[in-house]
K.L.:
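Take a look at this one; I'll ask things after.
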Amino acid sequence: MHKKFDSGEIEKKWQAIWKESGIYNVGERDRSKPKSYVLVEWPYPSGNLHIGHWYAFAVPDIYARYKRMSGHQVLYPIGFDAFGLPAENAAIKRNLNPKDWTYENMAFMREQLERMGNMFSWDKTTNSTDQDYYKWTQWMFTQFFEKSIAYRGKGIVNWCPGCNTAVANEQVLTDGTCERSGDVIEKREMPQWMMKITDYADRLIDDLDTVAWPDHIKEAQRQWIGRSKGAKINFTLSTGDVVTVFTTRPDTLFGATYLVLAPEHPLLSKSEVRGETSNLADVDAYVKTATQKDEQDRLDATKEKTGVVLSGITATNPASGEQIPVYVADYVLGGYGTGAIMAVPAHDERDYAFATKFGLPIKQVIVPCADDSKNPPRPEFKEVKRDTVIIHLRDKSTGKFALLNWHGTLEGITTAIMGGIENGQTPEEAALAEMNEEAALNRVTIVSKLKWITAAKYCASHKQQNRCAHTYAFLGEVENLNEQGVIPESESAIHTLVWVDEKEVLAKLTPDHQKQVWQMLQKESAITGDGYLINSDEFDGMDSEEAKEKIVAKVGGEMTSTFRLRDWSIGRQRYWGVPIPIVYSPTGEAHIVPKEHLPWVLPEDVDFKPTGVAPLAKSEALKKRTEEIFGSGWTPEVETMDTFVDSSWYFLRYLDNKNEGGLASLEAQKEWMPIDMYFGGAEHTTMHLLYSRFWQKALFDLGLVTESEPYKQRVNHGMILGPDGNKMSKSKGNVVDPDAQVALVGADTVKIYLAFMGPYADSSYPWDFGGIAGVRRFLERVYGLVDHIGDSEPTELTRQLHKTIAKVGTDILEFKYNTAISAMMILVNLAEKGSITKASYELFVRILAPFAPHLTEEIWTQLGHTCSVHTETFPVADMTLAIDETVVIGVQINGKLRGNITIAPDATEGEALNAVQDNPLLQEKLLSGTLKKVIYVPGRILNLLLQ
RNA sequence: GCUGGAGUGGUGGAAUGGUAUACACGUGCGACUCAAAAUCGCAUGCCGCAAGGCUUGAGGGUUCAAGUCCCUCCUCCAGCACCA
């Protein structure tokens, strides 16, 4: 009889043994095994592990352990991201030093992490506040400074009054509040330490194609970076000044009827411009109100447009030569593009709204295609001169014409049908045969079966006509085609035809089919909505895509990209961070602190209460140190770094955490990088994940790292919600304390429960106390199976075991721990009903080991093993033992389920039908009609079609 | 508005186009018990006494067969949003 399942005792015992033996330490790279670098985001030492930490670390531990048991050498490190504001705030509140608070927390949390029972590679740990760590953070900064990747910029910063420091754009939420404190962010103009992440914008987007991340994360980064391809075009003002505008639609240049400058535009303070502006007072007044408006107000797209003209100043449209007015309006943003736009009211909603309000002319230069609802003035199709039409629909990815693609497919089908008819098939037979062709199937849903046959008949009776005409048979009424006359076959003619007739053709289809056709075209062909040019001199009739480059070339503009991404502001006016290793000469010039003086230690003689002035400014020690090293009159930089800098390279330090000569040796990186699997929270998508990719690329360019992309694969986990379905919070009183749960049911149970809630990626689940009790019961039954060990077991159990082994392995790799656990539960339920052999039980214990490391270790030793179960391999399923002798399959009659039969999985159709005859109920139903057709999918279904 | 993703029992969720609702929770009934807890057994999508019928947000389509593929619409979640 097994002992009672005392999870507390078992877990304590094995944790001590594991720690003692160092079973989870990685040590040197063992090249006899493939490597697997599994990373979780290092935690901030806030003082206590919460349930979110468990979800973030304990569940990925299943993955890491599975990899290890599957023969990989796994690096699964953990550390602490220990600089940051909360330490300071807590220290102020409790009158402590932030360092003491942080180190106490780290010691406590490390114990908590050990109680989790993960296979953390503690021998590789590090933390960002360790001088051996931040020495290299500083050194990298100095390298970047010398390459101008880190620079002292001047500009508007996001000031958080709650944190008393500037924060990065990424740390400002969409509602304009600080992601940390929740306070409303203010704009302040001040010098700032910046990282030139914008220089990497293209690579940060393009290299996303090389990583195995979920599409939604990649897409979120792409959107955040926000690349727009377009052109910069210069307009000359009547004052002789030049305004550069950025536009994504240079093809509409002839339609630019005015310019708009952002209120922040530097030209507005130039004396030439001011001298020529006759309504200067109005302009200044507008600029003043516009720039003082709060950000939210200004970004409200729904509000009415405001602006003011620069009287007395005109600009020359470089394409048309027309003199056009210049406005200042706050719908143009100073911080994006060039802060100036050419306004094309005919083809831009915002410009249209502004022009309408200010009575400005609207000049149409593009004839839009049918779905181009965004262009306010939509011409009727009849206005279009047929002979100037080129094409209006374009496939973005292939550059081919959308309708032609589609048209061409139909044309191919037509040809096949014609072939069939020529070979003696009736039109009906030919049409039906072709419809069953796999390649055609996707397309034919738009046209009913009847239409196909009608069209095929038409083809048969009009053999002399060309294929284009036949194709039309599939789109419209046959009579209409006759009116078209002979249709020329050249490509351009097809374009013209499609263009001219599309509307007519669509009109012939039923409304439902019309929609389907249009949807299909949009979806398959990625229609841009562009058109062809009119009112544009020599560009008239040109495709708008082609016209973009040609027009830019004509006016001496430059094709270029603009990004939404701003440079990363990394200076913080707070204490508990990495001091920026810069000193200023007596003349105010910035110099790096050379390597021999690193780490540039954070002084301790500081009153760190936030005042808005950097606390380090008050450090006598830092001042003294600077003068001693660099000379009298030299002053230190007093800002510290954003903690996202610390976390931009921690995964490199893990590899070589004791290296005194560099951040991490290239040899160590070659052994372990890139990170094979990175688990983490969704909140880091456009912050940590973006910053660290940038940091890695910048290091790569300096030859300091071996990879330009750090993370091969990424999975985001969701959040664990309170039992009431809300986010856990003290104020709601719905916080679940993991320590209490562990004390109650054990770490293995908590871990499996978290994994059992549902698929791991991208999902959040409410805590359920009943649910976790169920998991505990499961483990108790697992333990209790010891009493069911016997000399033999039912074949059914052996079969189920091997199915389970296979399923658990594949499910883990797909982060579907829930179904893996479910399969093991099914197995245990089955085993409990009879006996299980020791060998089978051991196989089961080994597949459960990644999920319940303590319990399985305990059972393993009780079964007489002296080695750890965690040094065993993950079993390989013997699929020959997993084959079912018989299966129960459903029997459908005319597609409706009417019963089932029990047959061999590989039974023939005849055997299946015999089984049906043995079933009186089914047999009775079968006799009610004549059997016309039998569809039999072995092991799946038998469908009998009766007359 | 744009871009992604998701809608399945009372709940979390499961289903290579092939018997929808696995597994777990909850609930009900029963066993054990003086009693309760724990544990075990049975039942549990909906309507219906039953036979049977209905059911994966709504509607249509393709298919012998649709939760799954296609189209339209609705709802929810996430990211972006006066980004030229």
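Just so we're on the same page: letters track the sequence lines, and every chain starts at 1. Worth saying up front: this structure is predicted, and the values here are computed from it rather than measured.
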K.L.:
State whether A:Tyr331 and A:Lys305 meet the cation-pi test: NZ (Lys) or CZ (Arg) under 6.0 Å from the six-membered ring centroid, and within 45° of the perpendicular axis.
P.N.:
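Judged by the rule (NZ or CZ under 6.0 Å from the ring centre, within 45° of its axis), A:Lys305 counts as positioned above A:Tyr331.
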K.L.:
Atom NZ of A:Lys357 and atom C1' of B:C82: how far apart are they, to the nearest Å?
P.N.:
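It works out to 14 Å between those atoms.
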K.L.:
Have a look at A:Arg776 and say if it touches a base, only the backbone sugar-phosphate, or nothing, with a 4.0 Å heavy-atom cut-off.
P.N.:
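No contact.
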K.L.:
Taking the six-membered ring of A:Phe5, is the NZ or CZ of A:Arg776 close enough (under 6.0 Å from the centre) and on axis enough (within 45°)?
P.N.:
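Geometry flag: set, cation within 6.0 Å and 45°.
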K.L.:
So what does A:Asn943 touch, heavy atoms closer than 4.0 Å: a base, only the sugar-phosphate, or nothing?
P.N.:
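Counting heavy atoms under 4.0 Å across all strands, the contact made by A:Asn943 includes a base.
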K.L.:
Describe the nucleic acid contact of A:Phe246 in one word from base, sugar-phosphate, nothing, applying a heavy-atom distance below 4.0 Å.
P.N.:
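The answer is base, as A:Phe246 lies within the cut-off (heavy atoms under 4.0 Å) of a base atom.
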K.L.:
Are A:Phe354 and A:Tyr327 an aromatic pair, judged by ring center distance below 6.0 Å?
P.N.:
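Between A:Tyr327 and A:Phe354, the centre distance is under 6.0 Å.
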K.L.:
Starting at the 5' end of RNA chain B, which residue's closest nucleotide do you reach first, A:Leu897 or A:Lys933?
P.N.:
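With A:Leu897 and A:Lys933 compared, the 5'-side residue is A:Leu897.
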K.L.:
Aromatic contact between A:Phe778 and A:Phe756, with the criterion being ring centroids under 6.0 Å apart: yes or no?
P.N.:
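A:Phe778 vs A:Phe756: aromatic centres not under 6.0 Å.
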K.L.:
Mind checking who B:A38 pairs with, Watson-Crick or G-U wobble, both distances under 3.5 Å?
P.N.:
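In the structure as shown, B:A38 has no Watson-Crick or wobble partner.
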K.L.:
Would you say the base of B:U39 and the side-chain of A:Arg781 have a donor-acceptor pair closer than 3.5 Å?
P.N.:
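No, no donor-acceptor pair under 3.5 Å.
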K.L.:
Quick one: CG on A:Asn919 to OG1 on A:Thr902, what's the gap to the nearest 0.5 Å?
P.N.:
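Reported value, rounded in 0.5 Å steps: 9.0 Å.
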K.L.:
Which is true for A:Glu219 with a 4.0 Å heavy-atom rule: it touches a base, it touches only sugar-phosphate, or it touches nothing?
P.N.:
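Answer is sugar-phosphate: A:Glu219 comes under 4.0 Å of backbone atoms only.
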K.L.:
Taking a pair as Watson-Crick or G-U wobble with both distances under 3.5 Å, which nucleotide is matched to B:G59?
P.N.:
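Looking at the geometry, B:G59 pairs with B:C71.
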K.L.:
Which part of the nucleic acid, if any, lies within reach of A:Gly774 when heavy atoms closer than 4.0 Å are counted: base, sugar-phosphate only, or nothing?
P.N.:
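Since only primed, P, OP1 and OP2 atoms lie under 4.0 Å of A:Gly774, the category is sugar-phosphate.
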K.L.:
State the pairing partner of B:G26; accept Watson-Crick or G-U wobble contacts with both distances under 3.5 Å, and report none otherwise.
P.N.:
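Partner of B:G26: B:U44.
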K.L.:
Please give me every residue in residues 816-828 of chain A whose heavy atoms get under 4.0 Å of an atom in RNA chain B, ordered by residue number.
P.N.:
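Per residue number, the list reads A:Lys816, A:Asn818, A:Thr819, A:Ser822, A:Met825, A:Ile826.
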K.L.:
State the pairing partner of B:G18; accept Watson-Crick or G-U wobble contacts with both distances under 3.5 Å, and report none otherwise.
P.N.:
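Its partner is B:C64 (Watson-Crick or G-U wobble, both distances under 3.5 Å).
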K.L.:
Have a look at A:Val260 and say if it touches a base, only the backbone sugar-phosphate, or nothing, with a 4.0 Å heavy-atom cut-off.
P.N.:
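Here A:Val260 touches no strand at all.
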K.L.:
If you look at every strand shown and take non-hydrogen atoms under 4.0 Å, does A:Arg222 touch a base, only sugar-phosphate, or nothing?
P.N.:
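Since no nucleic acid heavy atom lies under 4.0 Å of A:Arg222, the category is nothing.
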K.L.:
Using a strict 4.0 Å threshold on nitrogen-to-oxygen distance, state whether A:Glu219 and A:Arg222 make a salt bridge.
P.N.:
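Salt bridge present between A:Glu219 and A:Arg222.
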K.L.:
How is A:Gly337 classified with respect to the nucleic acid when contacts are heavy atoms under 4.0 Å: base, sugar-phosphate, or nothing?
P.N.:
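Here A:Gly337 touches no strand at all.
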K.L.:
Between A:Gly939 and A:Met342, which residue's closest nucleotide on RNA chain B lies nearer the 5′ terminus?
P.N.:
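Here A:Gly939 is the residue nearer the 5' end.
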K.L.:
Please report the distance, rounded to the nearest Å, between NZ in A:Lys896 and C1' in B:A65.
P.N.:
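The distance from NZ of A:Lys896 to C1' of B:A65 comes to 12 Å, rounded to the nearest Å.
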K.L.:
Which base sits across from B:C76 as a Watson-Crick or G-U pair, both distances under 3.5 Å?
P.N.:
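The base-pairing partner of B:C76, which may sit in any strand shown, is B:G5.
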K.L.:
With both distances under 3.5 Å as the test, what is the Watson-Crick or G-U wobble partner of B:U33?
P.N.:
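WC or wobble partner does not exist here.
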